Each structure stands twice: as C-alpha cells, then as structure tokens.
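Everything below concerns the one structure shown next.
Here is the naming used below: chain letters follow the sequence lines, and residue numbers restart at 1 for every chain. For the numbers below, each heavy atom of this structure counts, side chains included, while hydrogens, waters and symmetry mates do not. Bear in mind the structure is a predicted one, so any value in this text is a computation, not a measurement.
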Amino acid sequence: ACGGSGGSSGGARDYIHAVGSSTVYPFATAVAEAYAKAGGGKSPVIESTGTGAGMKLFCGGVGASFPDVENASRRIKKSEFEDCQKNGVKEIVEVQVGIDGIAFAEAKTGPGFKLTPVDIYKALAANPFGKPNTAKTWADVNPSLPAEPILVYGPPSTSGTRDALKELILEAGCKTDPAMEALKKSDEDKYKATCQDIREDGPYVDAGENDNLIVQKISQNPKAIGVFGYSFLESNPDSLIGIPLNNVVPTYASISDFSYPGARPLYIYVKKQHLGPIKGLQDYVNEWAKAWGPTGYLKAKGMVIAPADVQAKSAEIVKSMTALDPSTLK
Amino acid sequence: MSNPRWQTPAALRRIARRNAAERRFRLLGLGAIALSLGFLALLLVIMAKNGLSGLNWSFLSGSDSTDPHMAGVWGAAKGSLLTMLVTIAIAFPMGVLAALYLEEFAPRTRWIEWVEVSINNLAAVPSIIFGLLGLAVFINTAGLPRSSPLVGGLTLALMTMPVIVISGRNAIKAVPPSIRDAALAVGASKVQTVFHHVLPLALPGILTGTIIGMARALGETAPLLMIGMRAFVATPPGGLTDPSSVLPMQIFLWSDQIDTAFVENTSAAIIVLLMFLMAMNGLAIYLRNKFEVRW
Amino acid sequence: MILSAVLLAVLALGLAGWTFARNKARLLYAGRGSMHSMPVYHGWHFALWIVLPGLLAWGVWSVAMPTLVNGSILADPAAAALPADDMQRAAILSEARAIAADPSVFAFDPLSARLADPIRVAEGKWGTIGALLVLICALAGGAHAWTRVRAGFPARTRVERVVMAVLLVVSLMAILTTVGIIGSLVFEAGLFFKDVSPLAFLTGTHWSPANAHGGDISANFGAVPLFWGTIYIGAIIAMFVAIPLGLMSAIYLTQYATRRVRGWFKPLLEILAGVPTVVYGYFAALTVAPKVRDFAAWIGMNNPSTESALAAGLVMGVMIIPFVSSMADDSLAAVPRSMSDGSLALGATRSETIKKVLLPAALPGIVAGVMLAISRAIGETMIVVMAAGASANLSANPFASMTTVTYQIVQMLTGDQEFNNPKTLSAFALGLVLFVVTLILNIIALRVVKRFREAYE
Amino acid sequence: MTDIKLQARNVDVYYGQKKAIDNVSIDIDNGLVTAFIGPSGCGKSTFLRSLNRMNDTIADARVTGEILLDGEDIYAASMDPVALRARVGMVFQKPNPFPKSIYENIAYGPRIHGLAQGKADMDVIVEKSLTQAGLWNEVKDRLNDPGTALSGGQQQRLCIARAVAVSPEVILMDEPCSALDPIATARIEELIDDLRQTYAIVIVTHSMQQAARVSQRTAFFHLGVMVEYGETSEIFTNPREARTKDYITGRYG
Amino acid sequence: MTDIKLQARNVDVYYGQKKAIDNVSIDIDNGLVTAFIGPSGCGKSTFLRSLNRMNDTIADARVTGEILLDGEDIYAASMDPVALRARVGMVFQKPNPFPKSIYENIAYGPRIHGLAQGKADMDVIVEKSLTQAGLWNEVKDRLNDPGTALSGGQQQRLCIARAVAVSPEVILMDEPCSALDPIATARIEELIDDLRQTYAIVIVTHSMQQAARVSQRTAFFHLGVMVEYGETSEIFTNPREARTKDYITGRYG
Ligand SMILES: Nc1ncnc2c1ncn2[C@@H]1O[C@H](COP(=O)(O)OP(=O)(O)OP(=O)(O)O)[C@@H](O)[C@H]1O
Ligand SMILES: Nc1ncnc2c1ncn2[C@@H]1O[C@H](COP(=O)(O)OP(=O)(O)OP(=O)(O)O)[C@@H](O)[C@H]1O
Ligand SMILES: [Mg+2]
Ligand SMILES: [Mg+2]
Ligand SMILES: O=P([O-])([O-])[O-]
C-alpha cells in the first residue's frame, strides 16, 4: 500500500498484526494465543502470506495500516531491507526464534534410504554439474542405492521450504565439485542455475502448499520420498521415518545442533518504530522469548529449538531491541 | 375388427422394442438424478460422520485457536456476517436499480448494450479475479484495511451485484406488460408505474435471486485469499474494519493444519456453513413458491 | 468534523424544505388540472435543489481540503523537519492528521505528534470556510427552487429526471467494474510482459518460474501446461461428468417427472451448485483423491500421484451439474410445446421425440449452457488448489497431477516471492488470460442463446 | 349538432420501417360508441393506442399526422402524455387489475392525480366509479379482497371502473370482451351503452355481432387502411365497399 | 350404409378437479368432414385431443367413458398409444414443422414406424404425401430446405403431408387455419375437401363460416357440453336448440 492515500486508516490500531511465512504461522499463532491469554490485550492477527509477500507488506511503510511483525523462514534479503528503508521503515529488529529442519522422509515400510546431499543433488537437479539430468533410479545416482525410481514429493516453487531445499541441500551437494566454486566467481547466474534448479521431468513432484497431503502420500507410497518441515515428521511417527543425510538422521537433536544438513533458522522481524504506538508489541516479542526455550510450548508444536547460544543472543536482542545491522545481509 | 396393419407380428415386435427403449431412456434420466443427488448425500454423510461429534456449544461460540479442542467458529461466523452485511448493503440497492434501469428505461443504444454485456460477463468472471481487483482497488489504491470485512464485503459486492441484476431483470421481465399498460392508462408516469407497480411485483423474484447470490458470496473463498483474510484471528471482529476471517476461509485454514484433530473441526465448520447455505436456499425456494404468480 | 456536521445540516435543511414546499404547493391546488404535479413532487424538487448542490460542494471541498491544509502546514516551522521523500512525507502527514482527530492515538513518528497541533488549527480554519461554502451552495439552490413552486411547474418531470440519472449512474457500475478489472490486470501484466515475451508466455510448454533467473527468463514462463491443465480438468474431465448427468437430469425433470417430483428434485439439484467450493475442495482432497489413486494403482499404474486431474475434475463436474441442467432445462422449455406435440401426434414415443426433435432444437441453448459451465469450471479455484496439485504437467493421463491457471494465481500471490518479481507478476498475466477467455466464452454463449431465443419468438 | 371529441387527420403509424396504419382520418363524436372492426392484424389496436399515446411505450412505434382532442394536438410538445391518458382512458382485452385490493385498484388513479382530498373523498370516488361500472353491489362488502380474486367479467368491470375513476373524457376499449364468457359479455355490453351518455367510447372488436349490438358508428379496417366508416346500421346492411361486404358476409377472417 | 369410424360414448374429460367435457357421445363417419364449433373455452380442443389420446401428455388430464376406433376401445390397456396416434393423425392450430428439412419432416413418421424399406421406398412416400397435401409442385426442387423456411400456409400443408405420410385412418385438425391469411385458408379448405375421400376428418374451427364451407356434419359445443350434432346444413339453417341458434346468429361469442 502506497502511503500516499493510506491516510484514512492512519489512526489507531489496538492489536498486533503479523504477516509472513506459512512455516512460522503455526508457531506464531501459538505465541499469539499465549500472549492474549496472559492478559496482554486483544489477540494478535497472524496472516499467512508466505515470507516474500509478507516482506512486501511489512516493508510497505510505518503506521497502523502496516504490519508490525514479519514471520520469515529465511533471512531478510538485502533488496527487501532497502525497500523497507525507502518506505521509512528504518529500524528492524531481527530475532531468530528457532529452527526448522527440512526433513527427508519415507514411509515406515520403505526401503530404508540413506542419502547424501550429493545424491540428492544428482537426483533432483535439473542440470547436475552442467549436464542434463538423465537419472531414472536411485541406483543411477549412486550404485549403492536401491534401484527404485526417483520419486520425491516436495514443496512448490512458491514456498520457503523449497528455497531451503535448494540452498541447504542441493547447493551443498553441488559445491562438492570445485569447478562449481570457480563457476560461482565467474558466472553467478550460471552457478545458480546449475546448483539450484530442480528438475521438472517427473521425478520431483510439486505437491502443493499443503504439507499434510505430502505426509499422506508418503505414508501410502513406500517407494516415494517426501520433503517437508520437520514438525510434520514429528507429528506422524506412526507412518513416517526420517532418511539420514550424511548418516545423520533428522531428529530433534541433530537439527538443533545443525549436524543435520537440512536445518534452517526461523526468524521474526519487528518494526522498532511500532514498539511505542502498538500496545503490547514488546510483550508479544517477550512472549516469543518465553516460548522458544527447551521447556516452551513451541517445542511441543513441532518447532526445533535453537542452540543455547543462539537463544541467549536472541534473548539479548529482545531485551535491548537492537536493530539489525544491514551489512550482514546479502 | 382392429386394424390388421398394426397387428402383424413384425409391427407388434417393433412397438415392443420401441417401448423398451423408452423405458431404458427414462431409467437413464432417473439414474442421472440419483447419481447426482447420491454424490450430495455422500458428501453430507461424510461431513456428518467426521464433524457431528465436534459440534457443541464451545465450538459454536469460540474463535480460532491453535488448540483444536478450543477452536470454534463464532469468530469466523461473525466475520462472515459482517462481510455479508456490507455485500448486501451495496449489491442489493445497486443491483435492483441497475436492473430497473436496464429493463424499464434504457434506450436500446450501443452504450447500453455494452453495459449489458459487461453485466452478463461479470456474472461469469472467475471469482479469483474479483480478488485481484479488490486487492488493487480497495487495498492498494483506496487504502482500506486489509483482512477486514469491509474490503471483503466490497469485493464480494462487486461479484454479487451482476447476479442480482440478472435475476432482477428476469423478475421484472416476468411482470406482465398488462400491469404497466394498466398503470399508464390511468395516467401514471413511467417512473410511477415502475416504482408503484413493477418493482413491488418483481420484488419476491429479486429477493430470491439476491438470496442465491448472497449464498454464493457466503461460500466464496478464493477472492478473499487475495485480500488478506487468510489469517489467524482469535477474537471475533468488533467492527467492519477489524481484521477477521470468514467461515469458508476458516475451513480452508483448518484443512491445512498438522494436528489431525482439526479434521473434526473442519468437518464441523463445513456442517455449520452448509446449514447456513441450505437455510438460505430454503428461504429462497420458499419465497419463490409463496410469491410465484402465474399471470 | 465540522464538515460532517454541515452534511447533517444540509440533510436537515432538505427535509425541512421538503415539508415547506409540499405545504406551499398544497395551497396552490385549486381543483383538477390546476397543477402540473402533485404537491409531494414539489417537495422533492425543492429538497433535491438544497441537498444536491450542498452535497456537490461538500464533495469538492472534501477532496480539496487536505491540499489546502497541507499548504498551511508546510508554512509551519515544524514542517521543515519533514523528509523529502514524498511517500514518507505523506505517511507522516496522514498520521499527524489522525492524531489531530483523536489525540489518544499514539504517534509512530515523533514528528507527526508535533505536527498535530498546527494541523488541528488549519483544519479548523479551512473546515469552517468549507462549511460556510456548503451552506451557501445549499441555500442558493434552495432559493432558486423556491421560486419554482408554482402551479404550472413540472416538478414531477424534473424529479423523475434525477431518478433516471441515478439509475443510469448505478448501471454504469458494471462498466466501471469491468474497466477496473481490465485496468488493474493489464497494468501489472504489462510489467510482466516487459520481462517475458507474450509469445513465449502463450505458446511455451515449459512452466518453471522457480528456475527463472539470469538473463532470458521467457523460457521459464511457457503457460501452455497451465492452460492444458485448466482445460483438461475444467473443460474435459468435468464436462465428461457434468454434460451427461446434467443433460439427462434436465430431460428427466422436464419431460418425465411429475410436477411434485420436479418441485423436489430441482432445488435439491441446485444445492450442488450452492455448496461452497472450499467444501468440494476438502472433499476432493480427502475422500475422492485417495480413491482415485487406489483405483489407478489397481489398474496397474506405477506410483500414481495422489493429486490427480481426475479427482479435481470429477468433483468439479459434480459442482457444474446444476449449471448444465438448468440451462438445458431452460432450452428444452423454450422449445415450443407444439414441437413435441407434432412428434407425439405422429406416434413417436417420448424418448424418440426428445432425441430426434427436442434435443436438436434445443441444441444451441444447451451448447451455450455448456460454454457458460466451462467458463465457470476453468475459473474455479479452491477445488484445484486443494486437490489438483502444482506440477505443470503436459500430459493426457488423468491420473497425473496437473496444475491450473487459478492455482498458480493463488500460489504466486501468496507464496514466498520477492515483489516486483516476474513470478508474482505472472499471476496478473494469467488472470488476464483467464478473464479474456471467459469473456469470449460468455459472449459467444450469450449470442447463441439470443439467436436461439429469437428463433422461437 | 355534431360534437366532435377526437379528430384524426392523415394518421400513419409505423413500427420501425413497417407501416401499420396508412393515412387514416376519422372524427369521433361525443355520446356515441364507435366500433373498429376488421380482420386480425389490420391495425385496429395500433390505431386505438395512438389515440391516447399508449404507442409511446413501444420503442419503435412512430405516429405521424395529427390527432386532436377538443381541437388540441395530442402529439404537440406542450401536451403531457400523462395528463392526456388521464383524459383518454383505456380498457384492455385481457382484464388487468392490479394485484391489490379492489379499493386500491380504483383509488390508484385518483391518488396519483390528487383528485381526492382525504379518505372520505376517496371513498366517494370509489363508490361512484364502481357503481357506474355496475359492480358496486357485487363487491361493496369486500372492497379489501384482491382485485384478481374476482371473476373474469367482474375483473373487466373493475378495470372499467378504474378507468372511470379518473373522470376521463374518452374511453378506449380494445376487445374488452374477448376473454369473457357470453354472460359477462352481455353485462359489459349493457354497461357500455350506459357509459356512452357520459363519455365518448371507442371499442375494438373482432366480433361483427358485437359491433352491431353496441355501436352507433363503425369503422372497418383492412391491412392498415380504414376502408369504410359510417353509421353502424348502414355498414352492416349496406356496405359501400366490396371488401367490407366480403368481410361482413364471412368470406374471410 | 353408415360407416362409423370413431365412436365416443359418454365421454367426460377432467383437468384435475375441473370437468372440461361433460358426457359427450358422438359418432364420426368415414368419408365425411365433421366440424366442432362453439365459443372459446367450450372444450372443442379438449375433446378433439382425447380422440387420439394426446391428452395423455397433459399431466392432470383424465378421460372417462369409451372411445372406440373401429369398435376397439382406444383407452383399453391393450391399445398402444403410439400405434393409435399413427392411425389417428393430428394437425395443429399453429403450423409446427420440425426444424429440419422438408424431406425429413415427412420422412420422420414413416421412419419411426418402419414403414419404408430403404431410401427409394421413402422417396415414394415423401412424394406421395406432399402430392396429397398439394405441396409437391411448390417444394419438389427444394426438399432439403428447412421446413421452417416455408410460408405459413405452406407450413400448414407440410404438417398435413406429415400427418398423411404415416397413412392414418383419421385426421384431427384443431383450428388449422386460424394462423393463416385468407388465401392460404382457401387452399387448406380445398385440400380438406380432397382428403375426405380417403380419411375421416374432424376439424375444430372458431369460424362458423368455415364450418359451413368445409364440413358435412357439425357439432356445437357449449361449456363442455355437446349441445347439438347433425348435418351441417341443418345446424346452420335450422338449429334445434335455442343456444345453438343464439350462437349462430351472433348473440354471443
Ligand atoms: N410492437 C409491434 N412491433 C412491430 N409490429 C407490430 C407491433 N404490434 C403490432 N404490430 C404489427 O402491426 C400490425 C397491426 O397490428 P394490430 O395489433 O394493430 O392489429 P389488430 O387489428 O389489433 O389485430 P388483432 O385483431 O389480432 O388484435 C400487425 O401486422 C402487427 O403484426
Ligand atoms: N391444460 C389444461 N389444464 C387445465 N385446464 C385446461 C387445460 N387446457 C384447457 N383447459 C380448460 O378447459 C376448458 C376447455 O378448453 P379447450 O382448450 O378445450 O377449449 P376450446 O373450445 O378449444 O377453446 P378455444 O376456442 O379457445 O381453443 C377451458 O375452460 C380451459 O380453460
Ligand atoms: Mg388487437
Ligand atoms: Mg382450442
Ligand atoms: O511460507 P514460507 O515462506 O515459509 O514458505
């Protein structure tokens, strides 16, 4: 919303408004509820828009018609930060609230895959190491794997989980080749295309925004692999098991200490300029800090808690509300 | 001494065959209806099976929550109610007046033809496109608050108005010209004729169309996705500009929840929504039957 | 503040004027034909002349006032601190205005709190001037109209002219909405087509916005698979269900059913169209899709997808049944009874009459109905969002997962996207295509129906 | 003394391009019943409706020539069609009461023209009109029943009463009995005979017998042309034109 | 020698509760044209339609009494209405050709009844029927034109040809000329006179003149009752009943 004519609603707002990631949404709603129950005031409104669309709203400007908090399943991008600045959103507080693991999983009755990022890269990239992908079965990728057809259900192109898949797994597998490092220096675009593009000829199936459905599909289809947020794996222990990557099984512990390669941090971004005018915003952020600890309820909701040092650092930020240093962004 | 030409074995066989074909065709028709309604019944039974146990007072009076046992539909229902209020307050008068103009007063010019084509077309434009329009006009240009029943209602009003215009025109057309002649012949002006006679007589028909249009708007989700109503709102909206959800959106949000206990909630909310809709449809049918005049 | 008050005052004046003028006109009545219009029309005429000029002045002033107030503010020393950027400046000013209206509001920017007082003063000044102006306009209008309360004055004709103008303006809303839709779609789609060639968009067979980066991204925005998915689900599979069931239902209801049966079944059938699509979507995803998948596995498909064109299409077909049946119903009813009488009187059976005479005669109407139903189906969103899947597959296999135009619009506008990115903008280009296609389908259908109706009138 | 109420001079009526009435001139007198007869589609209704500008309501109908009511051109710009229709009332083929009470049916016209000063006044008008239409005794106890609940013949008399209630000067009737049974028809015919004392009456009928029974003047139309006009008794016994004679003796129609 | 084709015995017809035909008995002879006349709504069409069970198609119509075709009860369970209607054809008030080619209009009936053994056979039937209906010369060069493209009178003759094509024994006509102009009417009347050599013909008409011109027997209906039935010349010159006389002399209707 361009501030120009946004005057009509420029007045007060007596609730907190958060937008952004659908991954963070379940946790944010839980925090909002606890905040409201603790007598903090009217229940915050949490909109599930996706990280990027949320950023656009968040950075739209300062005032009652713009959200106070952005939930993100990735860090804010430099371009987004600049947009914020341009619209007068000067100081943004970045708080890491926890971790989400992108879990690879199969049905309990599955063949028992053991994979590495390289295997996955070779199986799912559109052009592994610059050549078109011809792999049909897992054995084509790595002879030690079962000769089952490659079939991976994963998030759609519009999801933050998909970005994490590309950056954390595919790119990691890709970078094992030194030639790629070189390519990164010479031709950034080409590097991105080679290391991050996902094949579209069938083995990777876009399963839609609804992670529930992916879970169902995997449990019905023993030969398929699913990619989704760790919380889904945790809440379906009867039907699914995690697939080890680099011999690390996706468990709560392995994700929280980042030994599992598919771990990514979750953030909330808070508009500092709103701290005064929006009643209870500080309390709401404090509520996050209460909730993300090892005994907090977010753990029960399926969030992976951050390591102690990250928690301490985040708690410090929450207390002092130090603004984000843009020089660390890319 | 009956006619021998129609009594030959060949002729009798032929008639028997044709009568059998007749019966088959008739059964086919009955089958088609049975199948269609069977599907409806199946849908209702499944929803009832999954959801009836979840329908209790706390569900009906609560609002959205992350805890499936605490979650309820009142917040969303109130959002729906406010949204519908806005929709009907705008779409009904505008729809009726436009229908009156087009049917009774409009000169047959190219311009009016464009208006007619637009209206008929708007009635069939995919609802999601109205969402895009609502986003562009009401939120981005007019700066109205996101996620609010006000914007939702305005967007749905744009969508519902053509439906009301079309049904309104049909209802107006159904008022026999002899009534207009009668009024004109005692010296009523055209405007008097229309507002004293035609409109009151067409009103039941217009209302029926309006209820059906409103029922459609009540069940609409896609355009509201675009204007920020896909949100967690744990307090029922207090006014038209408060953020809120609506019933179908609540169903959509719950259907995506990890916790399988939400399946019951989703189905229960569906039952609530369907009851609303059936009540509205029932009312429309009642009105239609009660006021249907055979001229 | 004062402006809202003056608005009420104008309305009150109008009401008073209505009473005065009507009473004055009554005194003029001297028996039949002595007056052109009934006294109450004089009342309305007078009231309109007060209220309309007042409203007009009020509207103009409401638009102009913020500019005038801003002008006064910028002269204030506190305004020197305003940032240069237009957008920020406007945001602060609008906030300051809010604080001026309601001091309890908290300031997001300290500057706006400081500006609130000058704003209050300026608003008071300009508001009073505006209020006077509005009152003057209203009274001037009233004075003009007062001279017209004469026996021969055609007040009714004048009032009716205003009524007609209101009706006309309201009717133009439809055009306005259409223009709004086209405008907003074309504008954003135009930005999209700066990066992506329209030809590649409309004819390319490769849809992968996710992999669109680097120089030439046109190749990633080939929308044909989306169009195909849309057509396959909405126009092929759904119609496979809806046409036979809808048509046969309509035939049974119009030709065979007794009035009672028809009275019950027709509304029941219409409920199918009234069920919200999100319910269908849920039902499709949860109940129908797994069954379809089981069936696919049973007929020997390897690893069938849970999300299938077939599941979405089947459910959509059911949803569409009432559309087809009610259009077919109308068309069959529009065939004059004399047609079926002619056939029956020759000794044809009912079904022969239906197949050989009624259906051919009603065909144009039925075709038009099917087209309207298709346009409804291809615009349907929630069912595909919940049950069709996201893969841009160009396949004829009904058990494959496919995606549609509407699905992509929802994804692109609610997913993790950078703004002003072709990915997001593509939603508007897709919306434009969808709009144009339904427009064409509808225009054709309306033409056909019209010609068909004329043939029997 | 001739007492000309309505005068048509060289009237043509077109529907779009099609000429439905071709150069008709006729004088209609006070105190008489004038009948228009002729085969179906010959333009009787069209001409009748142009006498009180009811044709204005048909988008593509166009009237040329002059029609004078008491010497005043009814198509002149200064003539308000609304006022005109209050002076030249009309009764239609199918009885078309408003779906309101009997009382309201009659009261509607006087009310919009402001003919009554209050309820008592209106009651008088209603009673008088219903009495003139010969309906008062039948309905006086149920003035609040809907007009549509009356029998066909009663409905038609209600419509006549409605027309009479605004005290018109001329009453036009377009086949007022064609939807009625013989007994109701007879009642209406009597009524017409009564009314002609007060009003100039023009009646369209497809039944020559009816024309012979109720009218004093008859005009015979054929294919848009007025073939013959004169005393009813003359026309039926001694038509001047061959076409009239053929029609009257049942050669066609 | 009397040659009775159709015999009605104490026929009542009801629409729901309403009795539209009250105790009508009549004999209809081969080789003659029988006319039904009477004021509008008296039940002519209703009775005509019960003669070939077309009333079956009206949901709430009910026929009691006996109607015998060649002595066989047409309402008996053993009588197939489909075969019956092929034997007792019908022509309607408004010409209603199917929206198909002229050829197909005629061929439709013979085809569903399997009366032709192949194309050549069908061609013969079509030509013969059109010739009988006096239409062959006008349409023989454009058999593939749509039947709806013909003029009204031609359309009505096409409908007669269509009825004739299935070789019925009786032809019922319900006001077959009321939508036609006088010239077309004259053609149809001639045709009826030709056809009666081959078929028993029953015609409903609202025009007494027409009844007088084409029929040999006339039945006069009034309010659902058959008031009088006899030689046409008798009925018109010397009616036995007062009601008949009133009607014929134009007292009502
Ligand atoms: N609204 C119209 N538009 C075009 N043509 C019309 C219209 N109304 C009537 N006509 C034509 O004008 C001619 C005269 O019609 P009109 O209704 O005046 O005949 P009529 O003598 O009253 O016939 P009837 O006895 O059937 O009532 C006819 O040919 C008719 O088709
Ligand atoms: N389908 C029907 N349902 C109920 N009543 C009907 C139906 N058809 C006709 N009637 C009534 O039955 C009576 C006889 O009607 P019918 O059509 O036989 O008269 P008719 O003599 O043919 O008149 P017309 O000369 O107008 O054609 C009328 O009172 C009519 O209203
Ligand atoms: Mg007429
Ligand atoms: Mg009849
Ligand atoms: O909604 P996401 O941005 O977390 O995919």
Side-chain angles (χ1 to χ4, degrees), chain B residues 18-19 21-22 25-26 28-30 32-33 35-37 39-40 43 46 94 97-98 100-102 105 114-115 117-122 124-129 132-133 136-137 158 161-162 165 189 191 215-216 219-222 225-226 230 248 251-252 255 266 270 273-274 277-278 281 285, chain C residues 156 160 163-164 166-168 170-175 177-178 180-181 184-185 244-245 248-249 251-253 256 265 267-272 274-279 282-283 287 318 321 349-352 372 375-376 379 381-382 386 406 409-410 413-414 428 431 434-435 438-439 442-443 446:
Chain B
R18 288 170 60 204
N19 284 335
E22 168 75 16
F25 190 76
R26 198 187 159 112
L28 220 59
L30 201 56
I33 293 191
L35 211 59
S36 311
L37 294 182
F39 187 94
L40 182 66
L43 191 149
I46 288 184
M94 301 217 1
L97 293 182
L100 277 182
Y101 182 75
L102 292 177
F105 300 107
W114 273 104
V115 174
V117 169
S118 312
I119 287 181
N120 285 323
N121 181 57
L122 282 180
V125 163
S127 57
I128 193 165
I129 289 187
L132 295 178
L133 178 71
V137 173
L158 291 183
M161 188 186 129
V165 175
S189 71
V191 172
R216 192 178 145 197
E220 201 53 77
T221 319
L225 284 176
M226 306 283 104
R230 185 188 197 169
I251 293 168
F252 182 62
S255 76
T266 313
I270 286 178
L273 181 55
L274 285 180
L277 290 172
M278 287 194 189
N281 275 313
I285 293 166
Chain C
R156 178 178 50 71
E160 287 179 351
V163 172
M164 298 287 285
V166 170
L167 294 188
L168 175 65
V170 167
S171 309
L172 291 180
M173 263 310 289
I175 292 262
T177 310
T178 308
I181 288 177
S184 56
L185 290 181
L245 289 183
M248 284 310 293
S249 299
I251 288 174
Y252 185 84
L253 287 180
Y256 288 109
F265 279 14
L268 277 179
L269 213 54
E270 276 165 9
I271 291 183
L272 280 176
V275 173
T277 55
V278 65
V279 174
Y282 185 66
F283 186 68
T287 309
V318 172
I321 288 174
T349 62
R350 270 252 169 239
S351 61
E352 286 163 347
L372 290 177
S375 83
R376 178 78 203 248
T381 309
M382 297 317 290
M386 296 170 89
T406 48
I409 293 177
V410 171
L413 286 177
T414 59
F428 293 93
L434 197 57
F435 181 79
T438 48
L439 178 72
N442 281 297
I443 288 182
L446 291 173

Could you pull out the closest heavy-atom pair between [X] and [Y], with the gap in Å?
X	Y	result
Met248(C)	Ala32(B)	CB-CB, 3.5 Å
Ser255(B)	Met386(C)	OG-CE, 3.3 Å
Arg18(B)	Thr349(C)	NH2-N, 3.9 Å

Residue Ile175(C) versus chain B: region with a heavy atom under 4.5 Å: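 Both backbone and side chain.
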
Does any heavy atom of chain B fall under 4.5 Å from the side chain of Arg376(C), the backbone, both, or neither of them?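 When you check distances to chain B, only side chain atoms of Arg376(C) fall under 4.5 Å.
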
Which residue, Leu172(C), Leu168(C), Val166(C), forms the side-chain contact (heavy atoms from CB on, under 4.5 Å) with Tyr101(B)?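 So the option named by the test is Leu168(C).
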
Please say which of Thr277(C), Val279(C), Val278(C) ends up in a side-chain contact (heavy atoms from CB on, under 4.5 Å) with Phe252(B).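 Single side-chain contact (heavy atoms from CB on, under 4.5 Å) partner of Phe252(B) among Thr277(C), Val279(C), Val278(C): Val278(C).
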
Rounded to the nearest 0.5 Å, what separates atom [atom1] in [X] from atom [atom2] in [Y]?
X	Y	atom1	atom2	answer
Ile33(B)	Tyr256(C)	CD1	OH	12.0 Å
Asn442(C)	Ser118(B)	CG	OG	11.5 Å
Ile129(B)	Ile409(C)	CD1	CD1	6.0 Å
Met173(C)	Met161(B)	CE	CE	6.0 Å
Thr287(C)	Leu43(B)	OG1	CG	7.5 Å
Ile251(C)	Arg26(B)	CD1	CZ	13.5 Å

Among [options], residue most engaged with chain C (heavy-atom pairs, under 4.5 Å):
options	value
Leu225(B), Leu100(B), Ile119(B), Val115(B)	Val115(B)
Asn19(B), Leu28(B), Leu30(B)	Leu30(B)
Leu273(B), Val117(B), Ile46(B), Val165(B)	Ile46(B)
Ser36(B), Ser127(B), Ala21(B)	Ser36(B)
Asn281(B), Thr266(B), Leu274(B)	Thr266(B)
Ala222(B), Pro126(B), Gly219(B)	Pro126(B)

Between [X] and chain C, with a heavy-atom cut-off of 4.5 Å, which part of the residue counts as in contact: side chain, backbone, both or neither?
X	value
Leu40(B)	both
Leu122(B)	side chain
Pro248(B)	both
Ala136(B)	side chain

Taking every non-hydrogen pair under 4.5 Å, which of [options] racks up the most with chain B?
options	result
Phe435(C), Tyr282(C), Phe265(C), Phe428(C)	Tyr282(C)
Leu253(C), Leu434(C), Leu185(C)	Leu434(C)
Gly379(C), Ser249(C), Gly180(C), Ser375(C)	Ser249(C)

Check whether any side-chain heavy atom of [X] lies under 4.5 Å from a side-chain heavy atom of [Y], and answer yes or no.
X	Y	answer
Ile443(C)	Asn121(B)	no
Val137(B)	Ser184(C)	no
Arg156(C)	Val191(B)	no

